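Data first, discussion second: the structure below is written as structure tokens.
Just so we're clear, the structure is a prediction, and the values are computed from it rather than from any experiment. Side chains included, hydrogens not; waters and symmetry mates left out as well; all remaining heavy atoms used.
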Amino acid sequence: MRAEIQLGHCFEWRYTIPRRASVPELYHDTPFCRDMPEVLATGYLVGMMELACLHGLMPFVDWPREQSLGTMVEFRHLAPTPPGMTLTIRGEVLEVDGRRVRFRVEAWDEVEKVCEGVHERHLIDPERFAGRLARKQEMSLTRHEQGAK
């Protein structure tokens, strides 16, 4: 780490919602979703909440030699947001336990609060992680080959 992650560290990040983040666009390959309201999809919102926390961690990590991955999300999507509106996402570091960092996060559009919750990220060594992933892919390939015989 570049610096010790401080409990209570607060951050803010803004993001304008693109049309591709709406329910009909994000789930365009599911016929009944194409008829749903053109509002921010919860799945995309979760990604934005995660990304805001990643931005909040950047002053503390030695990027790219150290990165973080999301490992837990617990969010409530409270109100709809149409594409074109800007989200303001605010977060705070609640807990640091070794390489695990826990955040409280909330998002507001230009009118009201649209999301609140908790998110956890784990700091990783990308090289070590890539090795672990490669071993898993090899195991999967071996199992598929054995199953084909």
Side-chain angles (χ1 to χ4, degrees), residues 1-30 33-34 36-143:
M1 282 186 286
R2 186 182 309 155
E4 187 172 327
I5 301 168
Q6 299 296 311
L7 290 179
H9 170 69
C10 294
F11 53 90
E12 184 174 292
W13 184 64
R14 285 181 168 60
Y15 183 79
T16 300
I17 304 303
R19 188 165 182 268
R20 70 176 183 274
S22 70
V23 175
E25 292 294 317
L26 188 61
Y27 304 112
H28 62 88
D29 55 349
T30 304
C33 288
R34 288 186 222 133
M36 294 181 72
E38 193 169 333
V39 294
L40 175 61
T42 302
Y44 201 94
L45 175 59
V46 167
M48 294 303 91
M49 300 291 274
E50 281 195 277
L51 192 53
C53 292
L54 179 56
H55 278 276
L57 270 180
M58 290 305 281
F60 304 102
V61 297
D62 185 15
W63 189 270
R65 289 186 296 265
E66 184 176 46
Q67 298 176 14
S68 72
L69 294 173
T71 55
M72 190 279 294
V73 293
E74 186 177 302
F75 296 131
R76 292 180 45 218
H77 194 166
L78 304 169
T81 303
M85 278 196 166
T86 298
L87 287 182
T88 299
I89 303 173
R90 296 181 186 99
E92 176 184 1
V93 174
L94 294 179
E95 179 183 354
V96 179
D97 182 13
R99 299 185 74 73
R100 183 178 61 85
V101 184
R102 187 176 182 94
F103 303 88
R104 177 182 13 253
V105 196
E106 62 183 32
W108 295 75
D109 63 21
E110 297 158 23
V111 176
E112 62 190 330
K113 184 190 278 191
V114 297
C115 189
E116 64 185 11
V118 176
H119 176 49
E120 286 184 2
R121 301 191 69 77
H122 275 80
L123 299 171
I124 64 160
D125 173 332
E127 287 184 27
R128 192 170 139 218
F129 188 83
R132 182 176 171 195
L133 189 56
R135 287 188 297 280
K136 186 172 188 173
Q137 289 170 323
E138 287 174 21
M139 289 173 60
S140 175
L141 182 59
T142 302
R143 288 183 179 160

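With contacts defined as side-chain heavy-atom distances shorter than 4.5 Å, the pair Phe129/Leu69 qualifies. The closest side-chain heavy-atom distance from Val93 to Ile5 is below 4.5 Å. Two residues are said to be in side-chain contact when any heavy atoms from C-beta on lie closer than 4.5 Å; Met72 and Val118 meet this criterion. Considering only heavy atoms from C-beta on, Leu40 stays 4.5 Å or farther from Met85 through its side chain.
With sequence neighbours excluded, no residue forms a side chain to side chain donor-acceptor pair (under 3.5 Å) with Arg135. When the side chain to side chain donor-acceptor pair (under 3.5 Å) test is applied to Thr16, the partners found at least two apart in sequence or on another chain are Thr86. For Gln67, the side chain to side chain donor-acceptor pair (under 3.5 Å) test picks out no residue, with sequence neighbours left out. For Arg34, there are no salt bridge (charged side-chain N to carboxylate O under 4.0 Å, His left out) partners, not counting sequence neighbours. Every side chain to side chain contact (heavy atoms under 4.5 Å, CB included) that Pro80 has, sequence neighbours left out, goes to Val39. Evaluation of the side chain to side chain donor-acceptor pair (under 3.5 Å) rule for Arg14 yields Glu12 as partners, not counting sequence neighbours.
Listed by first and then second residue, the ring pair (Phe, Tyr, Trp, His ring centres under 6.0 Å) pairs that reach into residues 66-101 come to none, sequence neighbours excluded. Residue pairs meeting the ring pair (Phe, Tyr, Trp, His ring centres under 6.0 Å) criterion with at least one partner in residues 97-124, sequence neighbours excluded, are Phe11-Phe103. Within the structure, the salt bridge (Lys or Arg N to Asp or Glu O under 4.0 Å) test picks out the following pairs touching residues 111-131 (sequence neighbours left out): Glu50-Arg121, Arg76-Glu116, Arg100-Glu120, Arg102-Glu120, Glu106-Lys113, Lys113-Glu116.
Ring geometry for His55 versus Trp13: interplanar angle under 30°, hence parallel rather than tilted (30 to 60°).
Between Pro18 and Tyr44, the shortest heavy-atom distance links the atoms CG-OH, 3.8 Å. Heavy-atom minimum distance, Ser68 versus Leu54: OG-CD1, 3.3 Å. Nearest heavy-atom pair, Glu38 versus Pro83, reported as atom, atom and distance to 0.1 Å: O-CD, 3.4 Å. Shortest non-hydrogen contact noted between Arg65 and Pro126 is O-CD, 3.1 Å. Nearest approach of Val111 to Asp109, heavy atoms of both residues: N-OD1, 2.7 Å.
Listed for the Ser140 side chain is no donor-acceptor partner under 3.5 Å among the backbone atoms of Lys136.
Put simply, OG1 on Thr88 and OH on Tyr15 are 14.0 Å apart, with the number rounded to the nearest 0.5 Å. From Ile124, atom CD1 reaches atom OG1 of Thr71 across 11.0 Å, with rounding to the nearest 0.5 Å. The distance from the CE atom of Met49 to the CD1 atom of Ile89 is 6.0 Å, given to the nearest 0.5 Å. Atom CE of residue Met36 and atom CG of residue Leu26 lie 11.0 Å apart, to the nearest 0.5 angstrom.
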Next on the checklist: Apply salt bridge (charged side-chain N to carboxylate O under 4.0 Å, His left out) to residues Glu25 and Arg20 and explain how you reach the verdict.
Outcome noted: CA-CA 5 Å; Glu25 292 294 317; Arg20 70 176 183 274; over 6 Å; no

